[in-house]
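Remarks on the structure that follows.
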Amino acid sequence: MKKRIMSGMRPTGKLHLGHYLGVLKNWVKLQDEFDCFFSVADWHALTTKYDKTEDLEQNVLEVVMDWLACGVNPEKATIYLQSLVPETAELHIYLSMITPQNWVERDPTLKDMAKILRTKEGVNSQIGYGLMGYPVLMSADIMTFNADYVPVGSDQVAHVEITRDIARRFNNIYNTEFFHEPEPKLNNCALICGLDGNKMGKSYCNDIKISDSEEETTKKIMKAITDRSRIKKDDLGHPDECEVVYKYWKIFGDENQIADINDRCSKGVMGCAECKRALAERVNSELREIRERRKYYENHLDEVRAIIKDGSLRAQKEAQIILSEVRKLVKMYKG
Ligand code: TRP
Ligand code: SF4
């Protein structure tokens, strides 16, 4: 039997290169080796965006199209929508009963989210009961499939730690060994920064989307910051002080290309414009196939919807097996 993996993303819209390099490439590898469940966490999106739901459906589709484009394969992995597996909501209730309040209160990622919310105006600056339950709901996601591993970014590790604590507590209280203590699986790839040198994120307008056209990609890269001490083409360059472009080369180029860029930049025989144009071509060629696949799905939305539906049914079947065991363990009325 293959070990189980569960992971998810909130449907926040079109994904960018950070998601592709940091998450999706990894998922595509994992789907061959593990029994994978990948969730579009639409309930998690509601914890902060409950009053901005007009784009929710479109965002679910965008995220799934990006997954499919990057090679997540619905025949290997189960791609599903969180809210189409209501068993997770039921499990969330059981878990919420056994989770001490101070476990969620000390969750560092939640504290950050709350801090950001508090700086906003209006009704949405309230920290809702649902948001407090964010890590418990995430635990329910993971435990709905009794997963062994959870691939996540470092900001989500605290949540997986809470999941381990909750799973252990459930086992203690109900005198069982039913739930695994899932382990976070950190991705060890280099983090790609945004085009301005800060963390890549859509709210910073410094990202390259998987779905951007080649022209858009080139335009964005041409505007990226470079070695600031370099004004003229034949000024000697300092690749290591080139905060974005050279870093991108190190991610997208092969060894020879990187050495060549380093050499020509340091000797002042290649201008930054030329260097960026070459980088854009490199990035575009890496993404070409992915973007073609995405175009296909954009033109076949019915297929995307069917994949979400089928995957969610498959996920629900597994979830029902787990939940019937949980009800037994909690000693709920059988009827
Ligand atoms: N909270 C995660 C994030 O924002 C998304 C998520 C929801 C998730 N459910 C999950 C990740 C279960 C791993 C496992 O990135
Ligand atoms: Fe950066 Fe390339 Fe310009 Fe060198 S030539 S400073 S690596 S953009």
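Atoms within each ligand, like the ligands themselves, are counted from 1 in listed order. These numbers come from a predicted model, not from an experiment.
Look at S39 and you'll find every heavy atom at least 4.0 Å from all atoms of ligand 1.
Distance from atom 2 (C) of ligand 1 to its nearest protein heavy atom, with residue and atom name: Q156 OE1, 3.3 Å. Nearest protein heavy-atom contact of atom 9 (N) of ligand 1 is D141 OD2, 2.7 Å. Scanning all protein heavy atoms for the shortest distance to atom 5 (C) of ligand 1 gives G8 O, 3.4 Å.
Across all non-hydrogen atoms, the minimal contact from A315 to V85 is CB-CG2, 3.9 Å.
Partners of T218 according to the side-chain contact (heavy atoms from CB on, under 4.5 Å) rule, which considers only residues two or more places apart in sequence or in another chain, are M222, A280, N284.
Around atom 12 (C) of ligand 1, the closest heavy atom drawn from M143, M6, Q82 belongs to M6.
A ring-centre distance under 6.0 Å is not found for Y94 and Y174. Taking the ring centroids of Y134 and H159, they lie under the 6.0 Å cut-off.
Between the CD1 atom in I221 and the SG atom in C275 there is a gap of 10.0 Å [rounded to 0.5 Å].
Around atom 3 (Fe) of ligand 2, the protein contributes the following N, O or S atoms at distances under 2.8 Å: C272 SG.
Each of the atoms 1 (N), 2 (C), 3 (C), 4 (O) of ligand 1 lies under 4.0 Å from some heavy atom of Y134. Near H44, meaning under 4.0 Å from any of its heavy atoms, are these atoms of ligand 1: 7 (C), 9 (N).
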